[in-house]
Amino acid sequence: MAEHTGKSLDTQNTGNGKDKGNRTIMFLLVIILIGGILRFAKLDYQSLWNDELSSVVRTDFNSLGEVIESSKSDVHPPLYYCLLYLWRKNIGSSPFSVRALSALFGVLAIAAIFFLGRTLYTAREALISALILAISQFGIYYSQEVRSYSLLLLLSICSYLFFLKIQPQSTASRSQSGLVLSYILYILSTTMLIYTHYFGILVLFSQFVFILMALAYGGRRGEKGYLKILASQLGIGILYLPQISVIRAKMQLAETWIPRPRVDFFIQYFHEYWGRSETFFLLASLCLFCFWYFRKNEGENDTQPGFNRSALVLVWVIVPLVTAYARSILSTPVLTDRNTIIILPPLILMMARGITSIKNKDLSAALLAAVVIAGCSSLLLTNEYYYRITKDQFREVADVVLENKEISDQSLIIASAWNAGYFDYYFQQAASPFRVSHIYENAEDIPAFEALAQGSGKRFLWYLIGHKYPSQEFLQHLEKNYKLLGTRQFKKCSFFLFALEKRP
């Protein structure tokens, strides 16, 4: 069956073609339902962790203008923060609500990769791609986080979907209005992509490289069409001009928490993509081997002559990785596994194509079944995803303060964290008046703390620690001068409760 445009080529039996289309839609809806359940299940089971609380705090303003201005001091562009701000205003600010936005983007990404797979290959590869993404622990994790990565994944897929639709080989039979709409959607989705995350620029760059390759190796075939695409990319660059000064400032940063990547970084990342499961890792590698081994037959029954689909997905993977790796080695490191979520879609598409490339239908079905079982096992057994605490427990620390109201009413609350608002978020969610008075972490903070403590008139001191541990000098000062009443360690968070009366 050659169904490369996503439409049935069975002209002998229109009814049969409709039945196939209905089955495809039914399977897609079931896959989306499964993916939605996996993304919305236990969405608030774990506390928001440090980076998620950073997103919340950066959207805690009275206007979009303030949100955009605040984003200039962050490492990410403003689009996600703007959407989260509007979402909070209209939907709510509870942990479930703020995470639900990313979960929604994750579900939309499942539908988007189906349409991308159907445009690039056939409905069969499209359904397999959607299924693999639906059960992907990597995709689910970032669909349950108050960060931009789920939106980055969705827009990466959309950008390439409309990039495909404006390729010269696929526009011959398109109406003028349909082609114009595809160009508009390409420009819109790609502009949104690069306003979501700086790695989105690497997706655009990979498309630029693919066009240069097509012009270099395709002769004059499609030259006019490719030049139009280059012109649309120039338009995207113009739309990005307001962000240029900000990104130039970010590129000057010489220090970062990100370590320089090892030479074998991709193997490590590939392991992360498949949930740190050896079985899933090996099966994914086998699928990619089948894709590579059988790629020579790609031209058979191709409805887009001269268009090399293998080259496109490989460029999508290789160009961002090589560019980010070079930047990380030669200058400031920027390469992390979560930033490279932009290459998850082409990897999944290659896996799906590798599975369908096996001529023996039983072997192909067996490999697909093994991939699905390994994916579910990785999610539920290897990672115990819905049952194991892996994120900073800010909520649990805040709950201790809230549960001891009689003490807390007479307490001064200070913290060691990146922002006092990280604990205050949970106090606000409980409609409590408690707030962190100040951040104190180092020996240099001791005089200021002492002045605050002695002038507070409080009997007790809560010292809350979240993701950022204080210096030993500051902790030793507290333990030496005040009586410790209680302490407890949580996941990357803890608290100390002191009596504020000075030791004799």
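The structure displayed is predicted, hence computed values, not measured ones.
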Could you check if a side-chain atom of Ser310 sits within less than 4.5 angstrom of a side-chain atom of Asn308, using non-hydrogen atoms only? yes
Tell me, do Leu288 and Trp292 make a side-chain contact under 4.5 Å, heavy atoms counted? no
Is a side-chain donor-acceptor pair under 3.5 Å present for Glu52 with Tyr422? no
Side chain to side chain contact (heavy atoms under 4.5 Å, CB included) evaluation trace for Phe423 with Leu53: CA-CA 9 Å; Phe423 287 108; Leu53 289 164; over 6 Å; no
When you look at NZ of Lys468, are more than 12 heavy atoms from neighbouring residues, nucleotides or ligands closer to it than 6.0 Å? yes
Do Thr336 and Asn339 have side-chain atoms, one donor and one acceptor, less than 3.5 Å apart? yes
Got Ile32 and Phe114 here, is their nearest side-chain heavy-atom distance under 4.5 Å? no
Decide yes or no on side chain to side chain donor-acceptor pair (under 3.5 Å) for Tyr81 and Asp74, but give the supporting numbers first. CA-CA 11 Å; Tyr81 295 130; Asp74 189 47; 2.4 Å; yes
Regarding Arg124 and Ser129, is there a side-chain donor-to-acceptor distance under 3.5 Å anywhere? no
Could you please spell out the steps behind the side chain to side chain contact (heavy atoms under 4.5 Å, CB included) verdict for Asn90 and Tyr85? CA-CA 9 Å; Asn90 293 280; Tyr85 167 82; over 6 Å; no
Using a 6.0 Å cut-off, check whether atom CZ of Phe27 has over 12 heavy atoms from anything other than its own residue. no
Please name the pair of heavy atoms, one in Val334 and one in Ala324, separated by the smallest distance, quoted to 0.1 Å. CG2-O, 3.9 Å
Could you measure the distance from the CZ atom of Phe210 to the CD1 atom of Ile229? Nearest 0.5 Å is fine. 8.5 Å
Under a 3.5 Å threshold, yes or no: a donor from one side chain and an acceptor from the other, between Arg118 and Thr24? no
Between the CG atom in Leu153 and the CD1 atom in Ile341, the distance rounded to the nearest 0.5 Å is 4.5 Å
Should the heavy atoms of other residues, nucleotides or ligands under 6.0 Å from CZ of Phe208 be counted, would the total exceed 12? no
State, with a plain yes or no, whether a side-chain heavy atom of Cys158 is found less than 4.5 Å away from one of Leu154. yes
Would you please say whether a donor-acceptor pair under 3.5 Å links the side chains of Arg58 and Ser70? yes
Just checking, any donor-acceptor pair under 3.5 angstrom between side chains of Glu125 and Thr356? yes
Parallel, tilted or perpendicular: which one describes the rings of Trp274 and Phe280, with boundaries at 30° and 60°? tilted
Are the side chains of Arg276 and Phe281 in touch, meaning some heavy atoms are under 4.5 Å apart? no
Tyr386 and Gln46: CA distance, side-chain angles, deciding distance, side chain to side chain donor-acceptor pair (under 3.5 Å) verdict: CA-CA 9 Å; Tyr386 298 103; Gln46 299 197 63; over 6 Å; no
Tell me whether the count of non-hydrogen atoms from other residues, nucleotides or ligands lying under 6.0 Å of CZ in Phe205 goes above 12. no
Could you tell me if Trp49 and Glu145 have a donor-acceptor pair between their side chains, going purely by distance under 3.5 Å? yes
Between Ser136 and Tyr141, is there a side-chain donor-acceptor contact under 3.5 Å, judged purely by atom types and distance? no
Heavy-atom side-chain proximity of Trp418 to Asn50 below 4.5 angstrom: yes
Quick one: sort the Tyr240 and Tyr195 rings into parallel, tilted or perpendicular, breaks at 30° and 60°. perpendicular
Donor-acceptor pair between Ser93 and Gln429 side chains, under 3.5 angstrom: no
Check against ring pair (Phe, Tyr, Trp, His ring centres under 6.0 Å), Trp316 and Tyr160: CA-CA 9 Å; Trp316 187 353; Tyr160 257 97; 3.9 Å; yes
Give the minimum heavy-atom separation between Ile329 and Pro261, together with the two atoms involved. CD1-O, 3.9 Å
I need the minimum non-hydrogen distance between Ile31 and Leu127, along with the two atoms involved. CD1-O, 3.5 Å
Only one of Tyr269, Tyr149, Tyr273 passes ring pair (Phe, Tyr, Trp, His ring centres under 6.0 Å) with Phe138, and that residue is Tyr273
Is any side-chain heavy atom of Leu120 closer than 4.5 Å to one of Val313? yes
Regarding Gln144 and Tyr385, do their side chains bring together a donor and an acceptor under 3.5 Å, going by distance alone? yes
Could you pull out the closest heavy-atom pair between Arg388 and Asn383, with the gap in Å? NH2-O, 3.1 Å
Hey, would you say the Phe162 and Tyr186 ring centroids sit under 6.0 Å apart? no
Could you walk me through whether Leu193 and Ser156 satisfy the side chain to side chain contact (heavy atoms under 4.5 Å, CB included) test, starting with their C-alpha distance in whole Å, then the side-chain angles of each, then the deciding distance to 0.1 Å, before giving a yes or no? CA-CA 7 Å; Leu193 171 65; Ser156 297; 3.6 Å; yes
Ion pair Asp44/Arg99, N-O distance below 4.0 Å: no
Do other residues, nucleotides or ligands put more than 12 heavy atoms under 6.0 Å from Ile267 CD1? no
Could you please spell out the steps behind the side chain to side chain contact (heavy atoms under 4.5 Å, CB included) verdict for Leu155 and His197? CA-CA 10 Å; Leu155 292 174; His197 195 285; over 6 Å; no
Please report the closest heavy-atom contact between Tyr426 and Leu48, naming both atoms and the distance. OH-N, 2.9 Å
Where is the tightest heavy-atom contact between Ser378 and Gln137, given as atom of each residue plus distance? OG-CB, 4.5 Å
Are the side chains of Gln207 and Val319 in contact, using a 4.5 Å heavy-atom criterion? no
NZ (Lys492) and OG1 (Thr390) are apart, to the nearest 0.5 Å, by 9.5 Å
